[in-house]
Amino acid sequence: MKKIVALLIFSVSLSGCVSPQPYQSQAERPKQTVKRPSFPVDEYLALPKKGTGVVKGELFGVTRGGDVKIGAGAEIITRPYTSYLKNTPSYDYNTQALEPFDKRMLAYDRKTRTDAQGKFEFDNLPPGKYTIFGMFSWMAGSMPQFVMLSKTVDVNNDETVQVQP
């Protein structure tokens, strides 16, 4: 009988050594990384270097009450729309993370800031397809409100393309 009691005590003491895994919410679980396509060096090197195209636009938003909010001083980026961007994989934000983009792409970006009226302009753009993006936010009570600009446009020499959210 003493052997059975000793065995039971030993078993119970061992089970106390293994701690149960704490509950992890979905946000705390490690995310699977989704790979981007390989950076197409040759495609970027072949992009035209000079041009006379223009992209103009304004960054603004309209509140639920109808007020217009102006994105003054916001950064706007124009980026060549290449196969690298086009083939960016989709992913589940809750369970996956997208691999960071190849920083060589940044050398082809052009940046500007909007003026006091939220207007911006890129001139002397080479012909091609571009993605134009930017954002700004404001507070509505205690909640932030966002306006995102993300447009893909075709630019030709001696033409002006108008862009707005």
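- Note that the CG atom of Leu47 and the NZ atom of Lys129 stand 13.5 Å from one another [nearest 0.5 Å].
- Of all heavy-atom pairs spanning Ala72 and Thr114, the tightest one is C-OG1, 3.4 Å.
- Across all their heavy atoms, Gly73 and Arg113 have their closest contact at O-NH1, 2.9 Å.
- Take Phe136 and apply the ring-ring contact (aromatic ring centres under 6.0 Å, His included) test, not counting sequence neighbours, and it matches Trp138.
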Only distances under 3.5 Å count here; give the side-chain donor-acceptor pairs of residues 116-124 to other protein atoms, sequence neighbours excluded, each with its distance to 0.1 Å.
none

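- For residues 63-75, no residue pair satisfies the side-chain hydrogen bond (donor to acceptor under 3.5 Å, both in side chains) rule, not counting sequence neighbours.
- Between atom CD of residue Glu58 and atom CD1 of residue Ile70 there is a gap of 7.0 Å, rounded to the nearest 0.5 Å.
- Taking both residues in full, the closest heavy atoms of Pro48 and Pro127 are given as CG-O, 3.5 Å, listed atom of the first, atom of the second, then distance.
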Can Glu43 and Ser83 be said to form a side chain to side chain donor-acceptor pair (under 3.5 Å), step by step? CA-CA 8 Å; Glu43 182 180 358; Ser83 65; 2.5 Å; yes
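- Note on residues 49-83: no pairs pass ring pair (Phe, Tyr, Trp, His ring centres under 6.0 Å), not counting sequence neighbours.
- Taking Arg104 as the reference, Phe39, Val41, Asp102 meet the side chain to side chain contact (heavy atoms under 4.5 Å, CB included) condition, with sequence neighbours excluded.
- Hydrophobic clustering keeps Val34 apart from Phe101 (ILVMFWY residues linked when any side-chain heavy atoms are closer than 4.5 Å, directly or through intermediates).
- Not a single salt bridge (charged side-chain N to carboxylate O under 4.0 Å, His left out) links Asp115 to another residue, sequence neighbours left out.
- Take Lys35 and apply the salt bridge (charged side-chain N to carboxylate O under 4.0 Å, His left out) test, not counting sequence neighbours, and it matches Glu99.
- Counting heavy atoms from C-beta outward, Pro80 and Pro126 have side chains that stay 4.5 Å or more apart.
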For residues 148-165, please give each side-chain donor-acceptor pair under 3.5 Å, one per line with the distance, not counting sequence neighbours.
from   : atom 1 : to     : atom 2 : distance (Å)
Thr152 : OG1    : Thr131 : OG1    : 3.4
Asn156 : ND2    : Glu159 : OE1    : 3.2
Asn157 : OD1    : Thr52  : N      : 2.7
Asn157 : OD1    : Thr52  : OG1    : 3.3
Asp158 : OD1    : Thr52  : OG1    : 2.9

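- Note on residues 80-91: no pairs pass salt bridge (charged side-chain N to carboxylate O under 4.0 Å, His left out), not counting sequence neighbours.
- Annotation for Ala74 and Leu59: closest pair CB-CD2, 3.5 Å, computed over non-hydrogen atoms.
- For Thr88, the side chain to side chain contact (heavy atoms under 4.5 Å, CB included) partners two or more places apart in sequence, or in a different chain, are Arg36, Leu98.
- Looking only at side-chain heavy atoms (C-beta outward), Thr78 and Val55 stay at 4.5 Å or farther from each other.
- Under the 4.5 Å side-chain heavy-atom criterion for Ile, Leu, Val, Met, Phe, Trp and Tyr, Tyr108 and Leu125 are members of distinct hydrophobic clusters.
- Membership of the apolar cluster around Ile77 extends to Phe133, as traced through chained side-chain contacts below 4.5 Å between ILVMFWY residues.
- By the 4.5 Å heavy-atom criterion applied to side chains, Met105 and Leu85 are counted as neighbours.
- Partners of Pro144 by side chain to side chain contact (heavy atoms under 4.5 Å, CB included), not counting sequence neighbours, listed by chain and number: Met139, Phe146.
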